[in-house]
Amino acid sequence: MGKLVALTGNYAVAYAAKYARVDVIAAYPITPQTSIVEKLAELIESGELDAIMIRVESEHSALAATFGAAIAGARAFTATSSQGLLYMHEFVHWTSRARIPAVMAIVTRALAPPWNIWPDHSDFMDQRDAGWIMGFAMDNQEVFDLTLQAFKISEDPRVYLPVMIGLEGFILGHTTMPVELPEQEVVDQWLGPRKQEYVIDGKEPLALGNLAWPEDTEEMFMEIQKAMDNAKKVIKEVDEEYGKLFGRKYGGLIQCINCEDAKYFAVSMGAWSGDLIEAVNKLREEGYPIGVIRIRFCRPFPYEDIWEKVKNSKGVIVFDRSISFGAWGPLFTDLVTGLYHYTNNLPIMSNVVAGIGGVNITYNDFAKLLTSFIETIEKGDKPPVFTWYHKR
Amino acid sequence: MTASSPQSPKPRPPLPYNMREVVLPGDAACPGCPIPMAWKVLSAVFGEKMILVIPACCSSVVVGAYPGNSLKASVVHVAFASAAAVASGIAEALRKRGITDVQVIAWAGDGGTADIGMASLSGAAERNHDIIYIMYDNEAYMNTGIQRSSSTPYGAWTTTTPIIGKTEHKKDVAKIMIAHGVPYVATASVAYPHDLYAKLQRAKKIRGFKFIHIHAPCPVGWRFDPKYTVRIGKLAVETGLWILYEYYDGKIHLSGPSRPYIDPKKRKPIVEYLKLQGRFKKITEDKIKEIEKYVEQHWEWIKRHM
């Protein structure tokens with residue numbers, strides 16, 4: 001088996017890239033992502049990782065160079081946060097619309113102004129229309145596992161889309177936890193060499209991105225929608241395989257905790273799910289029939305899997321750590337739309353937006369919100385559809 | 001005319017290439033467009049063994065629409081500000097994969113180079129990736145319909161300098177690239193294909209970042225008859241306005257076609273160049289004097305660095 005080491009979330013990302021034997025890394029430092037770039041530079045300069053690092057002058061160039069390396073047949077990787085992710089947003093679309101497999105870690109951080117380096121999901125969720133597979137980890141072991149799996153998912157011929165993996169800055173990024181690293185040979189055998197639909201390396205003339213007419217363009221994007229559907233299957237397969245080989249299986253697109261006999265469900269994504277699970281465990285002891293659905297992938301959105309869990313429920317409360325200003329939390333709106341595929345008679349659904357700008361949401365906050373949600377419904381009342389939960 | 005004409009050069013042999021094998025007929029260029037002219041020279045040097053990285057510019061359209069492609073070489077269309085960065089990534093991936101017989105070329109207009117792409121160009125040059133960056137300079141945003149760029153010359157009409165004309169001089173990108181200390185910088189013109197050919201051949205042999213600035217007269221944007229693309233390109237050189245040179249080993253090497261014009265007396269009057277172009281139709285005597293002053297200063301700079 002592998003070896004157990006103590007790693008920050010950021011180092012777990014760097015080691016996953018190393019285990020994937022990336023060829024080219026192009027990155028630009030930004031708080032709180034920086035230690036990923038630093039660790040990878042150290043791994044390369046010490047000879048532990050045979051890769052080329054392009055120390056670019058901006059995030060726009062970071063993803064542009066990652067894209068360039070990937071189309072030329074390299075396994076390519078980058079990482080960023082917050083403003084950096086927004087600055088490269090043009091290439092976020094460019095990479096997926098060109099169907100280029102690549103992996104990017106997003107160490108999430110609030111958006112400015114005001115300047116703020118604390119974590120929420122605003123930067124990550126801002127990318128949700130871009131055609132990337134989007135996974136989000138809860139702890140550092142999952143950061144490592146998801147990042148490594150991202151290469152497998154991205155390079156699957158049924159998918160051929162880039163993958164971004166989210167982890168909260170500081171909460172995971174700079175916090176040290178035990179992480180089990182696998183044996184390199186087993187990873188090599190499982191992941192195999194780089195796969196992509198086409199390679200632009202001069203062996204044959206190939207044009208990528210020529211002007212296309214509306215119908216051709218639309219058909220290309222319809223293929224992305226299909227690939228997203230395929231990805232649901234691929235993500236589950238990869239989770240199964242990975243579980244067999246490395247002993248950790250997470251449940252695919254979602255992870256369910258205490259779901260079996262639950263009448264109420266709390267839905268969340270990211271590190272604060274750990275606090276949510278703690279709160280639910282406590283409520284269970286007090287007799288509340290509640291479970292947690294932790295979203296591991298929000299693109300493709302796992303509404304089928306969530307429906308299977310919540311179809312007989314009395315209430316679903318969705319915790320969003322980002323806000324679509326003027327509307328609601330994006331996980332909530334996606335879930336309501338997704339469940340509407342199955343029923344005109346939705347369970348009672350409530351959205352709590354919280355933790356924006358890095359406001360710390362604890363186990364006690366979750367316990368309070370969940371208790372109030374359940375008791376309101378039990379009394380026959382309807383809880384508010386939307387709450388921005390704020391404290392200081 | 002006071003300046004004496006230089007001796008007419010002896011006829012040059014045709015370039016050794018089968019340009020129609022790489023630059024196919026049926027592109028979407030305007031009549032008299034300088035872009036395919038330059039591509040034919042590229043094809044003479046690299047054939048199919050080149051990867052052109054093209055940001056938003058006229059060339060994005062000139063290659064033609066999907067599923068067609070008028071270049072039998074590899075083409076990667078990229079976002080406006082990113083040609084140098086994408087080319088960096090491709091070059092490093094090829095190096096990692098041990099592929100050494102393919103030339104990565106960033107092919108960008110003046111907007112994509114001197115303006116929006118300047119940061120990524122500067123970054124790639126400083127990192128000294130093994131690529132050739134070619135700025136084909138038609139001196140305005142031609143693809144969007146003739147708007148001013150920082151590379152538009154002083155006094156020129158564009159749709160965003162519609163009445164007064166441009167009030168600033170042209171940004172000298174080659175000089176900026178020289179300041180980066182890259183191994184090779186050259187200026188060229190579509191009107192001098194042999195000169196461009198020789199420069200590309202030299203660039204091909206040099207490892208590291210190469211920058212070539214090609215003067216590319218645009219009939220549509222400069223308002224001249226499409227048959228005059230080459231004539232205007234030559235006049236730019238013969239008036240001394242556009243100076244052909246190479247920079248390597250720490251100094252400027254003046255190129256053959258520009259050598260006579262180091263002597264101001266041999267230069268044709270600048271008005272010869274201006275009067276063929278509608279974009280200078282409203283230019284005043286004062287402004288012509290200002291251009292003459294600028295040209296003289298540029299020559300002084302060249303002479304100091306030879």
Side-chain angles (χ1 to χ4, degrees), chain A residues 21-26 28 50-76 78 87-95 97-98 100 102 194 198-213 215-217 219-220, chain B residues 22 28 46-55 60-97 99-104 106 116-117 119-127 129 131:
Chain A
R21 294 192 189 275
V22 293
D23 297 304
V24 177
I25 298 152
Y28 189 77
D50 177 21
I52 292 172
M53 178 171 269
I54 309 178
R55 295 158 179 92
V56 286
E57 78 295 337
S58 77
E59 286 91 356
H60 194 273
S61 288
L63 191 52
T66 302
F67 166 83
I71 56 173
R75 189 167 277 158
T78 189
Y87 194 44
M88 65 166 63
H89 183 69
E90 184 181 28
F91 256 90
V92 173
H93 280 267
W94 205 279
T95 307
R97 287 167 199 268
I100 297 302
R194 164 82 176 171
Y198 49 83
V199 183
I200 294 183
D201 57 9
K203 286 206 180 74
E204 53 172 343
L206 206 58
L208 166 63
N210 277 26
L211 178 74
W213 303 119
E215 291 75 11
D216 292 327
T217 304
E219 281 167 23
M220 290 176 204
Chain B
V22 174
F46 304 106
E48 289 181 17
K49 287 291 184 187
M50 59 179 171
I51 300 173
L52 290 184
V53 181
I54 305 181
S60 323
V61 180
V62 168
V63 290
Y66 169 87
N69 192 41
S70 73
L71 274 181
K72 203 174 164 218
S74 293
V75 175
V76 185
H77 293 276
V78 299
F80 209 172
S82 69
V86 174
S88 309
I90 296 174
E92 294 308 321
L94 296 184
R95 179 158 75 92
K96 183 72 168 54
R97 295 180 57 212
I99 296 169
T100 54
D101 63 338
V102 180
Q103 183 64 56
V104 181
I116 198 170
S120 72
L121 167 62
S122 176
E126 183 269 332
R127 296 188 301 270
H129 295 286
I131 61 177

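Chain naming here is simple, since letters A, B, ... match the order of the sequence lines and numbering starts at 1 in each.
Rounding to the nearest 0.5 angstrom, the gap separating the NZ atom in Lys203(A) from the CD1 atom in Ile99(B) is 4.0 Å. How far CG of Leu71(B) is from CD of Glu48(B): 11.0 Å, rounded to the nearest 0.5 Å. The OG atom of Ser88(B) sits 3.5 Å away from atom NE2 of His129(B), with the distance rounded to the nearest 0.5 Å.
Under 4.0 Å is where a charged nitrogen must lie from a carboxylate oxygen, and between Asp201(A) and Arg97(B) at least one such pair does.
A 4.5 Å side-chain heavy-atom check between Asn210(A) and His77(B) finds at least one atom pair inside the cut-off.
Checking side-chain atoms of Ser82(B) against main-chain N and O of Ala85(B) turns up no donor-acceptor pair under 3.5 Å. The main-chain N or O of Ala81(B) is found under 3.5 Å from a side-chain atom of Ser120(B) such that the two form a donor-acceptor pair.
Per-residue heavy-atom pair counts under 4.5 Å with chain A were compared for Glu92(B), Lys72(B), Gln103(B), and the maximum is reached by Glu92(B). Options Val61(B), Val104(B), Leu94(B), Val78(B) differ in how many heavy-atom pairs under 4.5 Å they form with chain A, and the most are formed by Val78(B). Looking only at heavy-atom pairs under 4.5 Å with chain B, the residue among Ala69(A), Ala70(A), Ala74(A) that has the most is Ala69(A). For the set Ala73(B), Ala28(B), Gly68(B), the entry with the most heavy-atom pairs within less than 4.5 Å of chain A is Ala73(B). Of the residues considered (Gly64(B), Ala84(B), Ser60(B), Ala87(B)), Gly64(B) shows the highest number of contacts with chain A, using heavy-atom pairs under 4.5 Å.
Heavy atoms closer than 4.5 Å to chain B are found in the side chain of Val24(A), but not in its backbone. Residue Ile200(A) touches chain B through both its backbone and its side chain, counting heavy-atom pairs closer than 4.5 Å. Heavy atoms closer than 4.5 Å to chain B are found nowhere in Ala26(A), neither backbone nor side chain. Using a 4.5 Å cut-off between heavy atoms, Ala79(B) touches chain A through backbone and side chain atoms alike. At a 4.5 Å heavy-atom cutoff, the contact between Met220(A) and chain B is made by side-chain atoms alone. Only the side chain of Val102(B) comes within less than 4.5 Å of a heavy atom of chain A; its backbone N, CA, C and O stay farther away.
Ring pair Phe91(A)/Trp94(A) is tilted by interplanar angle, where 30° to 60° counts as tilted.
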